[in-house]
Amino acid sequence: MAGRKNKPKVTGYDKYVDWKMFIIPVVLFGLILAMPTPYGMKDVGMEYLVGPKMVKNFIAKELFSAQSNEVEQWQLLVAQMMEKNMDMGALSKERLLSRDLKWCKKYSISADEKNIGKAKDYIDTQVPADRFKQIMQSAVDLRKSDLKYENLSVEDKKEADKGAWQVKVAIAMTVFVVLCFLTECIPLPGVAFCIGLILVFTGVVSRSEVAGLYWSDACWFIMGSLMFAAAFVKTGVDKRVCLMIFKKLAKPSVKWITLIFFIIIAPLAAFISDHALAAMFLPIGILLYQNSLTKEIPEDPELAKMLMIAIAMACNIGGPGAPSGGARNVIMMTYLNDMFGLDIGYFQWVTYCFPFVLIMIPLTWFVVNWRFKPKIHSLAPAMEHLKGEIGKMGGWNRQQILALIIFVIMVFGWFTEKTFYQMGIMPIRLGIGVVAVAGAVAYLFAGVVNWRDYQEKVDWGVVWLYAGAIIFGRILDKTGAAYWIARSVIDGIAPLGLDAGLPLLAVSNGLTAVMTNLMADGPAAAAVGPIALNMAGIVHPGSTFLPFIAMSTAISSSMAYCLIIGTPPNAIVYASGYLEPKDYVRVGIPIWFISNIVLVLLTAGYWSFRGFGGLAGF
């Protein structure tokens, strides 16, 4: 079994900058910045930087007959909380009364228990629900349509121009980043650093802000999961787990094993973290490949790519199956309830959306097997070799037992940390990233690994690559660039007659599915969702179209199949060293089109036939 231990180099890291190609994204970036600023960008800049101040003043005048800078602290808190609720699409009085100090801290609203109590008591006793809804709707109209750039004061115009400049930089950066990823004209972790440099040099963020924007719980998770994968490989636990999963196969062919990946991972991803599933199956996929190589076939890049991509795609297609499958699902459920008073229960969501997962499992498996053509078709020799190696190991040794115990505790933490926080068992929210890094540190404490193992076996470039994806997505969301793209597309389809029914749903799905490849699924749903729901409320009021477009937007925001930065699973499997950016495009584009078609057909067929809670059809 020669060559089994030789892991190929990550070729993208070995390349130098290809200036002939790199000049293209650089020139396009400069041209976009040099172009005159469209009025739409100024409008969005005004809405994002001037709008919040105007809305707070409006609310303060309506409720307290004074400017927001003239009212008492608790009154200002009322205006701030109402403005933030409006920004989130939560227009009902009940939603505001459910807010607490934790919520205020999360959105950087200065508050204490005393003032929150006063604010909520005033809204509860002095502002009727219909009056509250009227004020909130008027605030929405003020920010979205009544504010006009030409009517602003000189000072406010400067703020709006600053916001427009930030939108333009974000759009130019999007073109730059996507071209760099697709062409690999620069080592990919270098692109992550270019993002931060662009934002500082253009004045979008300060030098003190940029470092913090690179890190998030997702980055910590990717870092921690790659570290625990290194511990699994060193101790040989990955071999034992792999054999336990696949030893019952009578015929361990490549096709059957990739199908098992999909059958196991995709349904689980609807209920537990797709990050965790990718991290758990990555060492298994690497092990299967390395043990399949022979003297006759010392390398089979297509097999390696197939196994890695199968893990990532199985994670990606599973998320829409249940509300717990991703933040995007809960975001759209919340929007639907806040904007139209329609509620989708957990099990109800599963009955509508899990069929999408079941349909996509065989289709995605077929595409993966169609796009990759390995030389090796049977993994039976790999299974036999694993049995031989495990036989040489003998029984479970101390390091393997410790590695497995720490892993089980870590997985338990991933599944329960949010629930324990909500129940009050944990006073602070840990997040899956902190749990993953804690597990990696526990391996050090237990003597399972040393730092040299992490230094040599963890792909730190992938950690920085995803950190760049985080800051990239945050800027698209924070500046309003994602909102500008969504609004421009939705406004552009109206003259084409695509602003109602299934055409509107298809455009909304496609737009969300494009944007989710550039940013996190939650912000992508948050950018498109409110616009699509508002249009749906106008053209199909009180119909099944409202819950259908909410669920379809959530599902389409999971379609990040085409770029490494699209989802954490994409980044995690890239750390194997066997994939190139073009491999994601190679399999991602067909799956992207298939999943969009399936979603429209599912809506037109099963969903429409079933209906929704007695609502009229559309």
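In this text, all values refer to a predicted model and were calculated from it rather than measured experimentally.
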Do the side-chain N and O atoms of [X] and [Y] include a donor-acceptor pair separated by under 3.5 angstrom?
X: Y107; Y: N85; result: no
X: N57; Y: N69; result: no
X: K42; Y: T37; result: no
X: E47; Y: Y483; result: yes
X: T512; Y: N509; result: no
X: E150; Y: Y39; result: yes

* Asked: Can any side-chain N or O of N596 pair as donor or acceptor with the backbone N or O of W592 at less than 3.5 Å?
  ->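 Checking the backbone N and O of W592 against the side chain of N596, a donor-acceptor pair under 3.5 Å is found.
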* Asked: If only atom types and distance count, is the side chain of D217 paired as donor or acceptor with the main-chain N or O of G433 below 3.5 Å?
  -> yes
What class does the angle between the rings of [X] and [Y] fall in, given that below 30° is parallel, 30 to 60° is tilted and above 60° is perpendicular?
X: F548; Y: Y352; result: tilted
X: F545; Y: H540; result: tilted
X: F64; Y: Y122; result: tilted
X: F176; Y: F22; result: perpendicular
X: W464; Y: Y214; result: perpendicular

Could you tell me whether the side chain of [Y] reaches within less than 4.5 Å of the side chain of [X], counting heavy atoms only?
X: F181; Y: P25; answer: no
X: I317; Y: S558; answer: no
X: M559; Y: L599; answer: yes
X: W484; Y: T479; answer: no
X: I565; Y: I470; answer: no
X: L336; Y: M551; answer: no
X: W165; Y: T202; answer: yes
X: N316; Y: P569; answer: yes

If you measure from the Lys or Arg side-chain nitrogens to the Asp or Glu carboxylate oxygens, is any gap between [X] and [Y] under 4.0 Å?
X: E159; Y: K53; result: no
X: R487; Y: D43; result: yes
X: D87; Y: K84; result: yes

How about [X]: does its [atom1] atom have over 12 heavy atoms from other parts shown lying under 6.0 Å from it?
X: K144; atom1: NZ; value: yes
X: E155; atom1: CD; value: no
X: W220; atom1: CH2; value: no
X: F593; atom1: CZ; value: no

* After noting the C-alpha distance and the side-chain angles of D18 and E184, does the key distance pass the side chain to side chain contact (heavy atoms under 4.5 Å, CB included) rule? -> CA-CA 8 Å; D18 180 355; E184 287 188 274; over 6 Å; no
* Applying salt bridge (charged side-chain N to carboxylate O under 4.0 Å, His left out), run through E72 and K118 and close with a yes or a no. => CA-CA 11 Å; E72 295 181 37; K118 281 187 176 182; 5.1 Å; no
* Structure fact -> Which of I32, L518, L179 passes side-chain contact (heavy atoms from CB on, under 4.5 Å) with T174? It is L518
